[in-house]
Amino acid sequence: MKKDHGHVGKKYGMVIDLDKCTGCGTCMTACAAENNVSVRKDESDKERSITWIQLYQISNGKKFPDTRYSYFPRPCMHCDEDGRGGHHPSCVSVCVASATKLDPHTGIVSQIYTRCIGCRYCQAACPFDARYFNWWDAYFPKEKGLERYLSPDVSPRMRGVIEKCSFCHHRLMRAKNQAYAEGRREIEEHEYITACTEACPVQAITFGDLNNPKHKVHELIQLPTAFRLLERLNTKPKVYYLSTKDWVRRLADNYRPGEFKRLSKGS
Amino acid sequence: MEKPDEKLGEGFLSSLNDFVPPWLDLRSTLSTGFFLLAGFIAALVVGWILFPMILYSKQPQPINFNHAVHIDEESGIEGETETEKCLYCHEFREDGSFAGIPKIDKCIECHDDPESSIGETLEEKEFLQNYVAEEKEVSWFSYYRQPDCVYFSHIAHVNMGKQECFVCHGDHGKSEKIPVYQQNRLTGYSINIWGKRLSGWKTNTWDRMKMDDCAECHTKTGHEENNACFVCHK
């Protein structure tokens with residue numbers, strides 16, 4: 001077995017600026033529309049509803065007037081490793097059907113619905129709760145005309161399979177097609193961005209190739225304010241967050257007393 | 001003890017009798033074996049010949065199309081290579097997506113006159129009258145439609161990979177008569193996807209269009225990175 005798979009080519013990733021995020025939820029809506037995410041008859045049942053990018057609200061827990069809120073948009077982290085030295089994300093190493101794989105050429109973790117057997121091991125293995133199980137067949141209310149908005153670029157899921165954020169992989173394929181039509185082999189930075197990146201009204205999300213020094217994300221992840229969710233699990237997620245607020249950064253992981261390093265004094 | 005020959009009738013059976021234990025009735029064993037074998041063969045005939053015949057429904061295309069005439073060097077579409085001729089009708093859009101079977105507008109570009117001399121045969125006349133004159137789309141059956149979970153980029157293979165059309169589509173582009181469309185009654189897919197032989201035996205690259213065939217070509221041509229799941233799945 002090949003031990004050192006490494007990223008031979010690109011490593012697509014995302015940087016979300018939490019100081020800019022207003023928690024409006026446009027990313028969730030754009031994602032659902034882009035990726036044919038089906039709706040439940042009862043969407044208020046959040047244990048069963050499907051959201052590829054989930055918005056979490058966090059609070060510093062203090063009383064007025066010191067109360068602060070922040071929002072965590074959470075897509076699939078597209079981890080590089082399982083955190084215990086294995087060179088597969090934890091969801092990939094538990095998959096019994098080879099339905100999910102890490103592509104070393106793009107860094108994107110794929111999920112093939114027609115191959116998935118629905119054992120939900122990956123859902124249990126994912127530390128970020130980024131995977132969702134289809135308890136029912138896809139439902140798009142016909143009388144509302146929702147099925148007319150389905151994108152032909154993303155196949156709808158069937159009952160009994162896991163689905164998750166794909167970093168809008170079909171947009172990468174579309175960008176490649178455009179490049180090929182113009183006789184280019186490589187795509188530009190702006191040609192491939194995810195639907196949530198495009199939709200964010202405050203441009204809190206930046207998307208690009210983390211390995212490419214010319215891309216903005218490469219620069220952003222070097223910032224001292226950059227961090228990742230549950231970083232000490234060492235799963236090497238490709239979604240980074242930016243926040244200047246220490247209490248936000250502290251909530252992103254389970255720190256032991258004295259372990260957390262403050263960026264600024266106060267707050 | 002010598003056994004009466006007239007009872008067994010055949011020398012072969014009597015010689016076999018010396019080796020079988022006395023409690024085994026050789027005659028009934030053989031006849032049972034014969035019926036098992038006959039049943040086995042019958043099952044094979046049903047499974048390999050009758051079932052495939054029932055499995056696929058046959059639907060003729062609404063009208064014949066002569067590919068050979070259209071790529072003919074003298075009267076057909078101009079182009080240096082065969083691929084270029086194919087691409088004249090089966091074109092790429094500006095964004096690099098593949099248009100597939102052309103719409104009637106593409107036919108009208110050349111066959112715009114319903115009274116033109118192109119309508120020599122009865123079928124051509126019918127096409128000009130019923131479709132061109134009324135600008136009505138022909139409801140072609142697509143032989144090569146992949147399942148919904150499959151993504152395929154023609155431009156990546158034709159422009160970038162420099163693959164000829166026949167590698168996957170065989171001599172379809174040179175045919176004078178388009179074949180009857182055969183659809184799998186269970187899956188709804190065209191017979192060209194699984195391949196004409198139910199056993200999956202293939203001799204040419206264009207015999208089947210399954211995942212293994214795509215992967216086989218990727219591996220052979222040194223594009224193993226394109227065997228990653230998300231390259232062909234969506």
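Lettering follows sequence order; numbering is per chain, from 1. Everything quoted here is computed from the prediction, not taken from an experiment.
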Examine whether an atom of [X] lies under 4.5 Å from a heavy atom of chain B, and if so say whether it belongs to the side chain, the backbone or both; otherwise answer neither.
| X | answer |
| --- | --- |
| Arg184(A) | backbone |
| Pro152(A) | backbone |
| Thr100(A) | neither |

Handout entry: Between Ser155(A) and Asp148(B): side-chain donor-acceptor atoms closer than 3.5 Å
Key =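 Not at all, the side chains of Ser155(A) and Asp148(B) share no donor-acceptor pair under 3.5 Å.
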Handout entry: His170(A) versus Glu34(A), side-chain donor and acceptor atoms under 3.5 Å
Key =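 His170(A) and Glu34(A) do have a side-chain donor-acceptor pair below 3.5 Å.
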Practice task
For residues Ser142(B) and Trp140(B), determine if any side-chain heavy atom of one lies less than 4.5 Å from a side-chain heavy atom of the other.
Solution key: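 Ser142(B) vs Trp140(B): side chains apart.
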Under a 4.5 Å heavy-atom cut-off, does chain A meet the side chain of [X], its backbone, both or neither?
| X | result |
| --- | --- |
| Phe92(B) | neither |
| Val231(B) | both |
| Asn159(B) | side chain |

Handout entry: Aromatic ring pairing Phe141(B)/Tyr181(B), orientation class (parallel under 30°, perpendicular over 60°, tilted between)
Key =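 Parallel.
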Exercise for the section: For the residue pair His70(B) and Phe65(B), categorise the inter-ring angle as parallel (less than 30°), tilted (30 to 60°) or perpendicular (more than 60°). Expected result: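 His70(B) vs Phe65(B) ring planes: parallel.
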